[in-house]
Each structure stands twice: as C-alpha cells, then as structure tokens.
Amino acid sequence: MNLTRDIIRKHPGLKKLQRFITACTDAGLLTRQELVSMLPPLFLDIQETDMVLDMCAAPGSKTSQMLELVRTNAIDKSAVHMRGGVVANDADHKRAYMLTHQLQRIDTTGMLVINHEGQHIPTLRREPTGKPDEDLKFYFDKVLVDVPCTGDGAIRKLPLKWRGWSCRDGFSLHGVQIQLLERSVQLVKVGGLVVYSTCSLSPIENEAVVSEVLARANAESPGSLELIDIHTKFPGLIGRRGIFSWDVMVEKKELRDKKFEDSKTFKPEDLFHIMHTYNQEECDKFDIGIKESMFARSEKVLRDEQKIHYTMRLMPQDMNTGGFYVALLRKNKKVGFSKRNPQDGQMDADEDEIEEKNNQKVKLNDGQIAPAGHQKPEKKKPSRVPRDVKCEYYPFSEKNKELWKSIKEMYGLEESLASNLYINQEGNNRVFMVNDGIRDLLQLDKKSALKQINLGIRAFQRCKNKYRGNEVVFRITQEGIESLVHNFSNRKLRVSIDTLMYMVYHRNIKNSEIPAEQVEIKKISEDPTLGYFALVVHDKQGKDIELACAVKFATSICLMMSDESIQGLKIKYLKDFTDEPTKKPKQDNKKDDKSDDGEMKQEGGDN
C-alpha cells in the first residue's frame, strides 16, 4: 500500500486502519520501523548466545529488534538462563532514558542500557585464570554502530530537510564516525562481526569512513579486518554496490538561491568548489575541517584490497524507502590502532587507555551528538547535573536477605534465581531481573566503570498492602511475569481465555457479584491463600497462550494490568480496538493511587 502517513490519517475511508495501527502501537503489539532500518541487525545474524553492543542505540528500534532476535533464536525459551543479550549505549542520557521507555513493551531480561560517548566506552576485564599470555579483556560477539549522521537519505521523505542541507554537515561528523567504528572494532572479539550503518548517502560519511578504518586496521597487521559481501544475503533486496570514486565539494553562496531550481539549468561547478584529490593548501583555504581521509583512495585499493563494493547503498527510488548505507566487517586478528592526533578525527588513545572525556558537545536537530565546532551551542542557564545520569545497580539479595526470603517463600522461587535480581541504589521500590549473560557481564564491572541507566525487566514492585495480616513488601508485575512464571511453584493458576476476557472487561470483580457461570473466578474468590498471583491462560484446545497478573483482596478480585496491556488483550482476542475504557475499580471517594500496571492502594484488605 503506497500511502503516506498524512493520507492514512486524513482519509475518511482509512480512518479505521489508522485507529487500528495506533491502538496496536500503544498496546505494544506493533512497532513501526523503516524497512531499510531493519537491515543492520539482520546482517549481524544474531544467535541466542551472542552478547551484542548497540553503540548508538537511541531511539531503540534496532535494539528492540536485536533483543527479539536473541529470544526468537533461543532453543531454551527460559529468559533467565539465556546467555545472549544486548548492551544499548547512547551518548545523550535523555535519549538513553527514552530508549528505556521504548523497550518496555518487550522482554528485556537480556538488556543493559548505558550512557557513554561511544568512542569512549570502557573496557571490562575478566578474572585471570593463570593461563600464559591470557587476554583478560571482555569482548562482544557482535557490534552494531549506527552512527550519528546528516540523515540526508531521508530528503525524499522529508523534502524540507533539503533547505538546511550543507556539505559541511558531513565534514563535521566524519571524524567522530571514524572514532566510533574504530572503537567498535576494538570491542568485538576476533571472529566477531561489526555492522556500520548510516541513513546518509554521502560517501564522506560512508565509503570514506569504512575505507579509512580498514586502512588503519590493516596497516600494522594485514588481513586483521575485512569486509563481507552482503549483496547475496537477501535475494530480492535491491541494493547498489559501494562506489570507488567521489569528489569532496564545498558549496558556494550561489547554492542557497538555487536549491529549488531545476538542476538542468546549471552545472555542478557553478555551485560547488569541487576537489578530486587532497591538497592541503587548497583545503585549508576553506577552514571547515576538510581532511585527507575524506578523499577516495585509488580504485585499485578500494576494489582489490579493501573490496569497498561489498558494502551496500540503498537508494530511495529503488524500493520506495529511505536512503541508507550498510557495511559488514569481520575482525580476523587483534587490531592495534596507533596513537594519532584527535584533531584529525582519529583515536588518540590505545584501547587500554580509553577514559570518559568531557569534551564540549553540540546537539544536532535529530538529537545526535556532533563535535564542538559544528554549530555554536545555545547559552542556557546553568542547571544541576541530573542525579539519575548514573544509576548503579547491585544484587538485590546481598543487602536485602530478609526481603528476598519473603519473596522466595511467597512465590516458591529457587535460591539460584537470587543472583539474577538487582535493585537500584537510589530507591528500593523496584527489583529488576536480568538473564545469566547480562548478570555475568555486570559482575565484570567491579570498578563501576559503566554508567548504567537501566537493566533487565521490572520483576517485583514494592507495595504496602497486607496479606492475611502480614505486610506484602514486594508483588509481581505484569511486565516481569513472562520471565518469572516458569520459576513459580506457588501462586500460579490456569484459567481459560473466556475467564480472562471477563476479567478484562470488569477489572475489579466483587465477590458478591460473580455470575454463577464464572466458575473459575468463583473458585479464585474462595481461595484464602492467594493474594498476588499469576494467571496462565489457555485456549479451547488447552494450549497456554497468555499470562496475566491479578490480586485477590478481601472482597474482590482485581486484574493487575496497565491500560495498554488491557487494550492489547482486547485487540488480540476480541478484535476490539476502540478507545472505550474498561470498567475501573471504584475508590470509595479515596484518592486514586495506582502504579504503572494498575495497582491500587486498599487499606485493611486481605490480599
């Protein structure tokens, strides 16, 4: 269906489709993503045991895709015991928090969100085992580096972007793009894969960056880094080969007035200063940071030695998509990048010397980070550094042994699960669960080098309700139930999909108002031992298809799910995507005190 977003939104006949898409997106059943943006994770061929670094992760669509690939390819679907995961990094802490919000719709036990400049992500180290010549550094299996770019590949989709387009934008980002790709190569294991991608069509940001990093990596150790041909991986995908020649251009003042004129009325040299080869004296005249690495090497080097044609350009007109560039690299040997001048857009430190740098940064319109000098930063009133820029997590059971004991006994959990539970140092309200792979990685961070923003999935939430006279300190959550329920030996009930749908539309069911035909709900109301519990929902054939959280109070049963989760169930099983709210529990004129998955504060209730 070749329709724009505006047409779908405004056309009366498509209004129902638009409402359906919006409802599914809000409920977490659907994630909208540009087709070409989905390619980088697919080229990485992610397996269930892979620990993947997403170096420039926000807003999170590719991170979400990679988390789903790790889970989908797993033979053992038990989320806790999986070894694979994704470390999602972003240089801007606000974008890192937005990334966390975007990922809440899926299982994130295999996720760690950190906040570093990508080129300065610290190296973690393993404990020595006594082997000779042992390399103690931790390496990722695969790395995705979707670098900050000018985004000029979206000009066809966003024509107004052309008004502010300038060659200089690519020049300012070229250096940091090289740094990011170099660091990704350092952080990946020998035999591991790195995907470099941009939503730009400029060779300064694409082939020039890949060619420069290949040249540096192979200068001291030939064959240590190579490109892999990706043009045969997906038959039917229309991708063009990487190019062997390009010019470096600087626009003249005349370009500003001719951007919207027919290009047939003038020649390129009328609007641009065109340079075919690097000449330092000529480049210095423009004083805009033109570097030798921006120019094309000889076709022989690019074709025969570097095989730059193995990279892929996706042109908007070929498949009605945005413009995109992808390169897949494999690390064959340990790579050593020599020390270089950072002003030349190159790493100035060996892998062992990486430290977080407090260089001045400028935020571009799309939220990406560019080096100082791209544009003057706006003067803002001084504000305190957000206290949540670094949120260190520590194992929950170490400092909360009694709380862990109560949780373990209440839900019948095994002691081995304790090592997978973490809590935030700034508040003991939430307990997060990570899988074995992320847990092992966190244990390597003994010096707290990683600026942690978020991790895992919220498994338990602190509450103040009472159960049979005793305080229930932590309860289960809807988002964590899928990962936890297989570990429960207590508080787990099987009900039919019809029972769940009745609960969806009534949310808070008083014991005195349960219809006679609702046998399963009646049975729940008569069980004095439940409190907070998990519902394992089966279809008419007896196959388990859904999970839900609920709580039995003294006089009622309440479904503990967010409005978005409720809407998702209505869409999946009743084809109902209206905006009509389900019946909400009455608060008896008390202040509504709900958490994000629908918990209510009820005084004196037996739950």
Side-chain angles (χ1 to χ4, degrees), residues 67 78-83 85-88 97 100 103-104 107-115 124 387-467 470-492 531-534 549 551 560 595-597 599:
L67 283 167
S78 177
V80 178
H81 300 300
M82 291 175 60
R83 307 297 309 179
V86 179
V87 177
Y97 277 103
T100 300
L103 297 177
Q104 287 179 347
D107 172 28
T108 55
T109 50
M111 175 201 74
L112 171 64
V113 179
I114 59 176
N115 171 221
L124 300 181
R387 60 186 179 88
D388 51 0
V389 168
K390 183 175 181 180
C391 302
E392 187 175 351
Y393 292 78
Y394 56 83
F396 172 64
S397 60
E398 285 186 6
K399 299 183 179 181
N400 301 274
K401 292 182 179 179
E402 290 302 316
L403 292 179
W404 163 239
K405 182 180 178 181
S406 68
I407 292 175
K408 181 178 68 172
E409 292 176 352
M410 180 172 289
Y411 299 105
L413 301 173
E414 296 180 1
E415 181 63 33
S416 60
L417 188 65
S419 64
N420 297 86
L421 298 177
Y422 282 77
I423 198 162
N424 191 315
Q425 66 172 358
E426 294 196 357
N428 295 329
N429 293 326
R430 299 180 178 188
V431 179
F432 298 86
M433 185 171 70
V434 298
N435 67 15
D436 290 349
I438 295 295
R439 177 202 62 196
D440 292 348
L441 185 147
L442 289 168
Q443 290 174 353
L444 297 178
D445 189 20
K446 298 185 182 301
K447 296 182 179 180
S448 299
L450 297 177
K451 293 182 180 178
Q452 301 168 11
I453 294 294
N454 208 327
L455 54 76
I457 199 163
R458 183 171 62 108
F460 298 99
Q461 173 77 41
R462 183 181 289 274
C463 62
K464 296 181 180 180
N465 291 327
K466 292 184 177 181
Y467 167 67
N470 298 318
E471 186 178 1
V472 178
V473 184
F474 284 94
R475 60 175 179 81
I476 55 176
T477 68
Q478 178 63 30
E479 63 196 71
I481 192 172
E482 183 177 353
S483 303
L484 275 169
V485 73
H486 303 293
N487 300 281
F488 283 12
S489 58
N490 300 333
R491 302 174 182 276
K492 181 168 62 173
Y532 291 97
F533 61 97
C549 274
V551 59
M560 303 291 292
S595 71
D596 50 3
D597 61 354
E599 183 191 5

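Inter-residue side-chain proximity for Leu450 and Val87 is flagged as unmet; no heavy-atom pair is nearer than 4.5 Å.
Shown here for Lys446 and Gln443, the closest heavy-atom pair between the two residues is NZ-O, 3.4 Å. Across Phe474 and Arg462, no two heavy atoms sit closer than the pair CD2-N, 3.4 Å.
Residues passing the ring-ring contact (aromatic ring centres under 6.0 Å, His included) test with Phe533, sequence neighbours excluded: none. Contacts of Ile481 classified as side-chain contact (heavy atoms from CB on, under 4.5 Å), with partners at least two apart in sequence or in another chain: Gln478, Val485, Ala534, Leu547, Cys549. Taking Thr109 as the reference, Asp107 meet the side chain to side chain donor-acceptor pair (under 3.5 Å) condition, with sequence neighbours excluded. Legend: residues meeting side chain to side chain donor-acceptor pair (under 3.5 Å) with Arg439, ordered by chain and number and at least two apart, are Ser419, Asp436. Residues satisfying the salt bridge (charged side-chain N to carboxylate O under 4.0 Å, His left out) test with Glu402, not counting sequence neighbours, are none. Under the ring-ring contact (aromatic ring centres under 6.0 Å, His included) criterion, Tyr422 pairs with no residue at all, not counting sequence neighbours. For Lys401, the side-chain contact (heavy atoms from CB on, under 4.5 Å) criterion is met by no residue, not counting sequence neighbours. Listed by chain and number, the residues in a salt bridge (charged side-chain N to carboxylate O under 4.0 Å, His left out) with Lys405 amount to none (sequence neighbours excluded). Remark: Thr100 engages Val113, Ile453, Asn454 in a side-chain contact (heavy atoms from CB on, under 4.5 Å) (not counting sequence neighbours). Looking at residues two or more places apart in sequence or on another chain, you find no side-chain contact (heavy atoms from CB on, under 4.5 Å) involving Asn490.
A donor-acceptor contact shorter than 3.5 Å links the side chain of Thr477 to the backbone of Gly480. Panel note: side chain Gln461, backbone Ile476; no donor-acceptor pair is recorded below 3.5 Å. Between the side chain of Asn435 and the backbone N or O of Ile438 there is at least one donor-acceptor pair closer than 3.5 Å.
Glu415 and Trp404 are linked by a side-chain donor-acceptor pair at a separation below 3.5 angstrom, with hydrogens and angles left out of the test.
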